[in-house]
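Just below is one structure, and these are the notes that go with it.
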Amino acid sequence: MPYTSCRWLEHGISFNSDHIEMCCLRCHKGGGRIILSENLDVHNFDWDKILEDRKKFIDDAKQGKLPKECEECFELNKKNWGKGGYIDTIHFDHWTKCNSNCVYCFTHSDKKEFNSKEHYNVLPLIEDLFEKKLFKPTGEITFAGGEPTLLEEFDDLVNLFLENGARLKIHTSGLQYSETIAKGIEKGQITVVLSADSGTKEMYSKVKGVEGFDIFWENAKKYALSQPKKNKNLVATKYILIPDMNTNKSEIRKWLKLNKKAGIKCIASDVEDNWCADLRENNKPFPKKLRGLAKFIVNSADDLGFKFLFYNNFWYLYYDTQQKRDLFCE
Ligand code: SF4
Ligand code: SF4
C-alpha cells in the first residue's frame with residue numbers, strides 16, 4: 001500500500017560526532033534532527049534496536065502521521081515502500097578533522113578545538129552491520145562534515161562498503177588526494193564532491209581560509225581522469241553561495257570554466273546554511289536576486305552540458321514552495 005515516507009525513515013541512519021540521528025537534513029520547515037540516540041557508543045551499539053525503534057515511525061507514516069521534524073521535507077515521497085528491516089542509507093558527519101577552514105563552517109569559530117578532537121571510530125559497528133546481514137546496497141553512503149580522507153579508518157571503512165557493493169558519495173575539501181576514492185570512482189561506486197566555492201584563487205583563499213586553489217584543481221583533474229568510460233558524472237565540484245561574498249556571475253563563470261578545463265562533467269550548488277537558517281527563523285523568502293542567480297547557474301550548467309546536482313538549500317531556492325508541495329507532499 002502506498003504511503004508518504006522517506007528513505008531515511010525507512011532505511012537510514014546518520015552518525016554525528018557524538019550522537020545518532022535519523023537523517024542529516026536540516027533545510028526544510030520541520031528542521032530534521034530526529035534523535036535516535038543521544039550518544040554514539042560504538043561498543044554498545046545495537047542494530048536490532050535501531051531497526052526496532054524505527055518501526056513506530058513507519059507504522060505512524062502508514063497511518064498518515066509524520067514527525068513534525070519532517071514538515072515540508074523534499075525527501076518525502078508517496079509510494080509503496082516495501083518490506084523494511086534493513087539499512088541502506090548511512091551518513092557520517094564526524095566533524096573532527098579538516099584541512100580547510102571555510103568561513104561558513106560551524107567549526108570555523110574554534111578550528112583548533114575541532115581539529116584536535118579524537119577521531120571517532122565507527123568501523124566496528126559497520127563491520128557488525130555487515131556480519132548481521134542487515135545492509136542492502138540499494139541506497140547511498142555519504143561522508144560530509146569534517147574531512148573524511150583524514151580519518152584514520154577512512155580507507156578500511158570505504159573498502160568495506162565497496163566490497164559489499166555499496167554506492168558512496170564522499171564530500172571532501174579536495175586538498176588531500178585519496179587513492180581509495182580514485183579506486184572507487186574507477187569501479188563506478190564512488191561519487192566524489194569537492195568543495196570549490198570559488199572561481200579564482202583570491203576568492204578560494206577568502207572562503208576557505210587556506211591556500212589550496214592549485215592543489216584543489218590538480219586533485220579534481222586526477223579524480224576526473226579516474227572515471228570509467230560508461231560514467232563521467234562521478235566527480236563534481238560544489239559551489240556554496242555565500243551572499244555578499246561569492247554571489248556574482250563573474251566568479252561563477254570562472255568556476256564553470258575551471259570545471260571544463262579539469263574534465264569535470266558534473267557540478268553542484270548549495271546556499272550557505274546559517275544564512276538560510278536566519279531566513280527561515282524570520283520567515284523571510286529568498287531574495288529575488290539570489291533566485292535569479294540560481295536560475296543563471298542551472299541554465300549555464302545546462303548550456304555547457306554539465307549534469308547539475310541540487311543540494312538542499314539550493315533546491316528550496318530554485319523551486320517555489322507550492323511546486324515542492326505538489327511534487328512531494330501529497
Ligand atoms: S522526511 Fe526529511 S527530515 Fe524527515 S526523516 Fe526524512 S529526510 Fe529526515
Ligand atoms: S571542508 Fe567542510 S568540514 Fe572542512 S571547513 Fe569546509 S565545510 Fe567545514
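Below, all heavy atoms of this structure are taken into account, side chains as well, without hydrogens, waters or symmetry copies. These figures come from a predicted structure and were not determined experimentally.
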For [X] and [Y], which heavy atoms make the closest approach, and how far apart are they?
| X | Y | value |
| --- | --- | --- |
| I267 | A301 | CD1-CB, 3.7 Å |
| S195 | F216 | O-CE1, 3.2 Å |
| A166 | F135 | CB-CZ, 3.7 Å |
| A262 | A224 | O-CB, 3.5 Å |
| L134 | G85 | CD2-O, 3.9 Å |

Within 45° of the six-membered ring axis of [Y] and under 6.0 Å from that ring's centre, is NZ or CZ of [X] located there?
| X | Y | value |
| --- | --- | --- |
| K260 | F306 | yes |
| K238 | Y311 | yes |
| K78 | Y3 | no |
| K136 | Y86 | yes |

- Message: Assess the residue pair D278 and K284 against the criterion (salt bridge (Lys or Arg N to Asp or Glu O under 4.0 Å)); give the C-alpha distance rounded to whole Å, side-chain angles, the decisive distance to 0.1 Å, and a yes or no.
- Response: CA-CA 8 Å; D278 277 352; K284 284 189 181 161; over 6 Å; no
Taking the six-membered ring for Trp, are [X] and [Y] closer than 6.0 Å centroid to centroid?
| X | Y | value |
| --- | --- | --- |
| Y177 | Y223 | yes |
| Y316 | F286 | no |
| F314 | F308 | yes |

Does any N or O in the side chain of [X] come within less than 3.5 Å of the main-chain N or O of [Y], such that one atom is a donor and the other an acceptor?
| X | Y | answer |
| --- | --- | --- |
| T237 | L194 | no |
| N246 | I242 | yes |
| N164 | L160 | yes |
| D60 | L66 | no |
| D18 | L40 | no |
| E211 | S205 | no |
| S198 | A196 | yes |
| E153 | L123 | yes |
| D270 | N313 | yes |

Is [Y] close to [X] at the side-chain level, that is, under 4.5 Å between some pair of heavy atoms?
| X | Y | answer |
| --- | --- | --- |
| F143 | K169 | no |
| V271 | I240 | no |
| K307 | L309 | yes |
| W275 | L290 | yes |
| T138 | T89 | no |
| T96 | N115 | no |
| C105 | F114 | no |
| N101 | K111 | yes |

Answer with yes or no whether the side chains of [Y] and [X] bring together a donor and an acceptor at under 3.5 Å.
| X | Y | answer |
| --- | --- | --- |
| N44 | D41 | yes |
| W95 | T107 | no |
| N274 | E272 | yes |
| T200 | E251 | yes |
| S5 | E10 | yes |
| S17 | H94 | no |

Hydrophobic clustering (ILVMFWY, side-chain heavy atoms < 4.5 Å, transitive) - are [Y] and [X] grouped together?
| X | Y | result |
| --- | --- | --- |
| I50 | I35 | no |
| I20 | I87 | yes |
| F296 | M203 | no |
| Y104 | W255 | no |
| L279 | L25 | yes |

- Run the side-chain contact (heavy atoms from CB on, under 4.5 Å) check on T172 and V192 step by step: do they pass? CA-CA 7 Å; T172 169; V192 68; 3.5 Å; yes
Look at [X] together with [Y] and state whether they make a salt bridge at an N to O cut-off of under 4.0 Å.
| X | Y | result |
| --- | --- | --- |
| R26 | E69 | no |
| K208 | D197 | yes |
| E147 | K97 | no |
| R7 | D88 | no |
| K183 | E186 | no |

How many angstroms lie between [atom1] in [X] and [atom2] in [Y], if you round to the nearest 0.5 Å?
| X | Y | atom1 | atom2 | answer |
| --- | --- | --- | --- | --- |
| W8 | S14 | CH2 | OG | 5.5 Å |
| S173 | N99 | OG | CG | 3.5 Å |
| E21 | I34 | CD | CD1 | 9.0 Å |
| I58 | D53 | CD1 | CG | 11.0 Å |
| C23 | E75 | SG | CD | 8.0 Å |
| L157 | F92 | CG | CZ | 5.0 Å |

- Task: Check the pair K249 / L293 against side-chain contact (heavy atoms from CB on, under 4.5 Å), numbers first and verdict last.
- Result: CA-CA 7 Å; K249 287 185 181 173; L293 193 67; 3.8 Å; yes
- Where do N259 and K257 land on the side-chain contact (heavy atoms from CB on, under 4.5 Å) test, with the steps shown first? CA-CA 5 Å; N259 280 286; K257 266 192 190 166; over 6 Å; no
- Task: Could you check K49, K55, R54, K56 and say which one makes a salt bridge (charged side-chain N to carboxylate O under 4.0 Å, His left out) with E52?
- Result: K55
- Query: Should L241 and I297 be marked as a side-chain contact (heavy atoms from CB on, under 4.5 Å) after you check the CA-CA gap, both sets of side-chain angles, and the distance that decides it?
  - Reply: CA-CA 11 Å; L241 297 172; I297 296 173; 3.9 Å; yes
- Query: Which residue, I170, D155, L234, forms the side-chain contact (heavy atoms from CB on, under 4.5 Å) with I181?
  - Reply: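 It is I170; the other options fail the test.
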- Query: In this structure, are over 12 heavy atoms from other groups packed under 6.0 Å from D303 atom CG?
  - Reply: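 Result for CG/D303: enclosed.
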- Message: Would you call the rings of F15 and F45 parallel, tilted or perpendicular, taking 30° and 60° as the class edges?
- Response: tilted
